[in-house]
Amino acid sequence: MFALVDCNNFYASCERVFNPALRDKPVLVLSNNDGCVIARSNEVKALGIKMGQPAFEIKDIIERNHVHVFSSNFALYGDMSGRVTNILAEECPAIEVYSIDESFIDLSGFDYYDPLVFARNLRTKVFRYTGIPVSIGIGPTKTLAKVATWHGKKIAANNGVYIINNKEKIEESLKRLPVGEVWGIGRQYSRFLNENGVATAWDFARMPAIWVRKHMTVMGLRTQKELLGEPCGDLENVIPAKKAILTSRSFGEMLPDLGNVSQAVTRFASSCAYKLRKQKSVASVLMVFITTNPHRKDLPQYARNRVIQMPVPTNSSIEINHYAQLALAGIFREGYRYKKAGVLVSDITPQDNVQQALFDEVPREKHKDLMMVMDRINEKYGRDTMRIGSQGFSKRWKLRQEKLSPCYTTRWDEFITIKL
DNA sequence: TCTGGGGTCCTAGGACCC
DNA sequence: TCTGGGGTCCTAGGACCC
């Protein structure tokens, strides 16, 4: 059996922990740049505010209902997430940290425990130690554990905990679940299935496997099997190294000049290099993209990217930034107001088996030492304390964060973690 | 005025190999 | 009338997740 522990309305709950007066109040968290809604307390959901809705569209509802609005504070959420998973790790032999607010637990070996009692106790402990309310679902497959969590959360009588442990419960719980709520069935498939008369998860589970395979690839087939109790995925308790790393941001304001965009790209390139070093990897391909604001139909639009194959795989901020600037220079055009840029590194391999180049002139050992010192300084004194000169000190490309809460639990406004 | 930031996997089709 | 059979690798695009 698997259990899934899912933090309720996670970011909103984090803000509440340090501001208990908000306990029964509507609380909402905005994306970077205070752009759109990414977390809602139950009270906000009841107001009809949707996930992903742009903030300016709901200004009136916010004011009329005294909704408490926060800019996203990932330093806080990352740290709180770590506290929750630490407790799970204490109580459970094997956990998989699936996302910032969800973890799977392997319950094999729990034959002499009542899993329901175990889950209830775990839920109580997490809340008492961290202040974060969680829902827990238990099932014979990960997909059914997800289904169970939905029932724990949405049906008040279940009090946050639900178990699916026999055929009758599978059928019963799938009949109550809209097919679009199933893990692995998103908007497109949901619409397609509805059009074909499939409304609930149970309808889907009973469709012919051939039909599912034809229209939804092997992924759909796996989901269907899991819904019927046949596991197709195991707990993954080692975090695999990333195959691609992306750092991108929308700017606080639109930028017409190369100078500011270039500073931002330096920052993004350095961030990618840092993330590579943290997972002990190097990358050999780099892509830079820039784009204007697609929502401003009244302004001229431009979006380009450029890919560069680097001669030797690297994780040096200096080297990666060098190529990032080359790529940027190749695609930047005057006459546009840029809203967003990003740097992607890929073709990632472990750092200890790099293929050397015959005519390599980069002093790699020096870079390595320098990066190590830079990382130590920045981890101790805060991000960007030591930076590449071309990053500069412009604040014009920085995020808009007008409603940021204090970083209650961390010294710096960043929380370093690879999986997240 | 104003619209996020990360990731993964699968498939089809084309180029190329013998 | 009729035109082989078997592979690999790469890329773009589309789906999904949080």
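By convention in this document, chain letters (A, B, ...) are assigned in the order of the sequence lines, proteins followed by strands, and residues within each chain are numbered from 1.
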Q) Do K146(A) and E181(A) sit within salt-bridge range, that is, some charged N less than 4.0 Å from a carboxylate O? A) no
Q: Using only side-chain N and O atoms of K146(A), determine if any of them is under 4.0 Å from OP1 or OP2 of dC17(C).
A: no
Q.
Using a 4.0 Å heavy-atom cut-off, does N33(A) contact any base of the nucleic acid, only the sugar-phosphate backbone, or nothing at all?
A. nothing
**Q.** Atom pair distance, as rounded to whole Å: CG in N73(A) and P in dG5(B)
**A.** 16 Å
Q) Which one of L144(A), I105(A), I163(A) satisfies the side-chain contact (heavy atoms from CB on, under 4.5 Å) criterion with M1(A)? A) I163(A)
Q: Could you check whether Q53(A) gets within reach of a base, just the sugar-phosphate, or nothing at all, counting any heavy atom under 4.0 Å?
A: nothing
Q: Among the candidates dC10(B), dG6(B), dG7(B), find the nucleotide nearest to the side-chain atoms of R249(A).
A: dG6(B)
Q.
For a quick test of reading the model: is some side-chain N or O of R213(A) closer than 4.0 Å to OP1 or OP2 of dT11(B)?
A. yes
Q | Nearest-angstrom distance, C1' atom, dC17(C) to dG4(B) | A | 15 Å
Q) What's the closest nucleotide to the K242(A) side chain, out of dC17(C), dT3(B), dT8(B)? A) dT8(B)
**Q.** Per I38(A) side chain, nearest of listed nucleotides dG6(B), dG4(B), dC18(C)
**A.** dG4(B)
Q: Could you check how far CZ of F204(A) sits from P of dC16(C), rounded to whole Å?
A: 11 Å
Q) What dot-bracket string describes DNA chain B from 5' to 3', counting Watson-Crick and G-U wobble pairs whose defining distances are under 3.5 Å, with [ ] for crossing pairs and | for pairs to another strand? A) ....||||||||||||||
Q) Counting N and O atoms only, with roles assigned by atom type, does the side chain of E226(A) sit under 3.5 Å from a partner on the main chain of C232(A), one being a donor and the other an acceptor? A) yes
Q | Selection from dC9(B), dC16(C), dG4(B) that lies nearest to any side-chain heavy atom of S31(A) | A | dG4(B)
Q) Any sub-3.5 Å donor-acceptor pair from S13(A)'s side-chain atoms to N8(A)'s backbone N or O? A) yes
Q. Choosing from dT3(B), dC16(C), dG6(B), which nucleotide comes nearest the side chain of Y189(A)?
A. dC16(C)
Q. If you check the R222(A) side chain, which of dT1(B), dC18(C), dC10(B) turns out closest?
A. dC10(B)
Q: Starting at atom NZ of K214(A), determine the distance to atom C1' of dA12(B), rounded to an integer number of angstrom.
A: 16 Å
Q.
Does K125(A) qualify as a cation-pi partner of Y129(A), given the criterion of NZ or CZ under 6.0 Å from the six-membered ring centre and within 45 degrees of its axis?
A. yes
**Q.** Options dT11(B), dC18(C), dG4(B), nucleotide nearest the side-chain atoms of S250(A)
**A.** dG4(B)
Q) Within this structure, what is the CD1-to-P distance between I239(A) and dT8(B), rounded to whole angstrom? A) 13 Å
Q.
Which nucleotide wins on minimum distance to the side chain of K243(A), given the candidates dA15(C), dT8(B), dC17(C)?
A. dT8(B)
Q. Taking the six-membered ring for Trp, are the ring centroids of Y11(A) and F70(A) within less than 6.0 Å of each other?
A. no
Q. Which nucleotide in the set dG6(B), dT1(B), dA15(C) lies at the smallest distance from any side-chain heavy atom of R296(A)?
A. dT1(B)
Q.
Is the distance between the ring centroids of F118(A) and F110(A) under 6.0 Å?
A. yes
Q: Measure the distance from CD on E236(A) to P on dC9(B) and round it to the nearest whole Å.
A: 9 Å
**Q.** Aromatic ring proximity Y189(A)/W183(A), centre distance under 6.0 Å
**A.** no
Q.
Over all strands shown, is D34(A) touching base, sugar-phosphate only, or nothing at heavy-atom distances under 4.0 angstrom?
A. nothing
Q) What nucleic acid atoms does K340(A) come within less than 4.0 Å of, heavy atoms only: base, sugar-phosphate, or nothing? A) sugar-phosphate
Q | Rounded distance in Å - CG (D6(A)) to C1' (dC17(C)) | A | 13 Å
Q: Could you tell me the separation between the CG atom of N32(A) and the P atom of dG6(B), rounded to a whole number of Å?
A: 8 Å
Q. Which part of the nucleic acid, if any, lies within reach of S72(A) when heavy atoms closer than 4.0 Å are counted: base, sugar-phosphate only, or nothing?
A. nothing
Q) How many Å lie between CD1 on I245(A) and P on dG7(B), as a whole number? A) 6 Å
Q) Quick one: do the N321(A) and Q325(A) side chains pair a donor with an acceptor below 3.5 Å? A) yes
Q. If you look at every strand shown and take non-hydrogen atoms under 4.0 Å, does L30(A) touch a base, only sugar-phosphate, or nothing?
A. nothing
**Q.** Touch class at under 4.0 angstrom, heavy-atom based, for V307(A) against every strand present
**A.** nothing
Q: Could you check L246(A) against T217(A) and say which one's nearest nucleotide on DNA chain B is further toward the 5' end?
A: L246(A)
**Q.** Among dT11(B), dC18(C), dT8(B), the nucleotide that comes nearest once only the side chain of A244(A) is considered
**A.** dT8(B)
Q. Which comes earlier along DNA chain B counting from the 5' end, the contact point of L344(A) or that of K339(A), where each point is its nearest nucleotide?
A. K339(A)
